Amino acid sequence: MAQPWSDKLRPVVPYVPGEQSKNPNIVKLNANENPYPPSPKAMEAIGQFDCSKLNLYPSITSAPLVEALAAYHHLSKEQVFVGNGSDDVLALCFLSFFHSATPIFFPDITYSFYPVWCSLFDIPYRQIPLDDGFRICPRDYDAPNGGVILPNPNAPTGISEGRAFLEDLLAHNQDVIVIVDEAYVDFGGYSALELIDQYDNLVVVHTFSKSRSLAGLRVGAAFASAPLIAQLNAVKNSYNSYPLDSIALAAATASIGDEAYFRATLKKVMDTRERTAKALEALGFLVYPSHSNFLFVTHPNKTAEEIFLACKEQDLFIRYFKLPRIENHLRITIGTDEQMDRLLAFLRTYLQP
Ligand code: PMP
């Protein structure tokens, strides 16, 4: 019911994340979480954390993590920014870099949080259709715009573009900021990090939620030229000075120091992805090439919605987006081999002619 103050509330249409469930038996393949635990070193850092120090604010510059990331990626610490998950980092990027009356550009099929931030921050935007194979056409981004953002690999398609594509995009968009959201890049995609010294308008965003199994800790990062990072820090300090808590800082920093575990976990997820893709193809699914920790699929005989609901009945949670162009597609997160076998076993029975 309308209240006298109702018109004072900001109208918002929020982002809807993958469904959560309290049922311990569900196979949760709907939020692109990593099925493996975080690095033992990260868990040890939390176990050994001196809680008596929680009376103190964390480092205002998130110094230990910024320094560890700078060393890891061979950048200077002036080129690194961290935040409370990459959603926080991306929201701050939208606030910091998209400040033009000309619409920003991003694909029509993409991370569905982008239009949400645009409406929250009053940023005009235009969604550029992907081609019929769900690929981005770089020439579509040559028109005047207020900035560009794209995930690479794209979500929810999992399709990845390489260096030539990104250099082409950057070369044609030098007077605006170009953000590449690399949430899934560690699973075999091309990272634009190596282009940061060459293009001072490029921002690369990473997350600890996927490849580092730390979705619950909420840690993300941005990498860019020093002036862009200074701008991000100025906006962050106009909004929330301490986005990363001391425990998150300690654990995320420890995770960066465990390369062997990181590589081994990535390999397990990628091996399972390839095996699952083949098994799904054998069941008649069209499976898009994926460089991420999920598969984007469609089936010729059953609608995506039917498959989604049938899976849910069996406590198998996958992701279905009732959105134009992809309403007959499903996004399936790569879980453990056992989880994927449970899904495949059900699909084999369900799809029997
Ligand atoms: N970017 C993309 C493309 C994503 O799919 C996600 C996960 N929903 C994020 C960013 C945000 O991840 P997080 O906030 O957990 O770092």
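Only a predicted model underlies this, so the values are computations on that prediction, with no experimental measurement involved. Order of listing sets the numbers, starting from 1, for every ligand and every atom in it. Atoms considered below: every heavy atom in the structure, side chains included; atoms not considered: hydrogens, waters and symmetry mates.
From the protein, the heavy atom lying nearest to atom 16 (O) of ligand 1 is Thr207 OG1, 2.5 Å. Given atom 3 (C) of ligand 1, the protein heavy atom at minimum distance is Asp181 OD2, 3.4 Å. Closest protein heavy atom to atom 12 (O) of ligand 1: Ser86 OG, 3.3 Å. In this structure, the protein non-hydrogen atom closest to atom 8 (N) of ligand 1 is Tyr111 OH, 3.1 Å.
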Let me check something: any side-chain donor-acceptor pairs from residues 88-97 under 3.5 Å, sequence neighbours excluded? List them with distances.
from, atom 1, to, atom 2, distance (Å)
Asp88, OD2, Asn84, N, 2.8
Ser96, OG, Leu92, O, 2.5

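Proximity annotation for atom 14 (O) of ligand 1: of Glu182, Arg331, Glu33, Arg218, Arg218 comes nearest, heavy atoms only.
Considering only heavy atoms from C-beta on, Arg342 comes within 4.5 Å of Leu316 through its side chain.
Donor-acceptor pairing under 3.5 Å is lacking for the side chains of Tyr15 and Asp87.
Ion pairing between a basic and an acidic side chain is recognised when a charged N comes within 4.0 Å of a carboxylate O; Asp341 and Arg275 show such pairing. The pair Lys268-Asp271 does not meet the salt-bridge criterion, since no charged nitrogen lies less than 4.0 angstrom from a carboxylate oxygen.
Residue Lys210 approaches ligand 1 through these ligand atoms, each under 4.0 Å from one of its heavy atoms: 7 (C). Here is the list of ligand 1 atoms found below 4.0 Å of a heavy atom in Ser209: 13 (P), 15 (O), 16 (O).
With a 4.0 Å cut-off on non-hydrogen atoms, Ala183 touches ligand 1 through its side chain and not its backbone. By the criterion of a heavy-atom distance under 4.0 Å, both the backbone and the side chain of Asp87 are placed next to ligand 1. Only the side chain of Leu90 comes within 4.0 Å of ligand 1, judged by heavy-atom distances. Here Tyr184 has side-chain heavy atoms under 4.0 Å from ligand 1, and that is the only part of it that gets that close.
Annotation: ring pair (Phe, Tyr, Trp, His ring centres under 6.0 Å) contacts involving residues 137-160, sequence neighbours excluded, are absent.
Taking the six-membered ring for Trp and thresholds of 30 and 60 degrees, Tyr114 and Tyr111 have ring planes more than 60 degrees apart, a perpendicular arrangement.
A distance-only check finds no donor-acceptor pair linking the side chain of Glu182 to the backbone of Val205 [under 3.5 Å].
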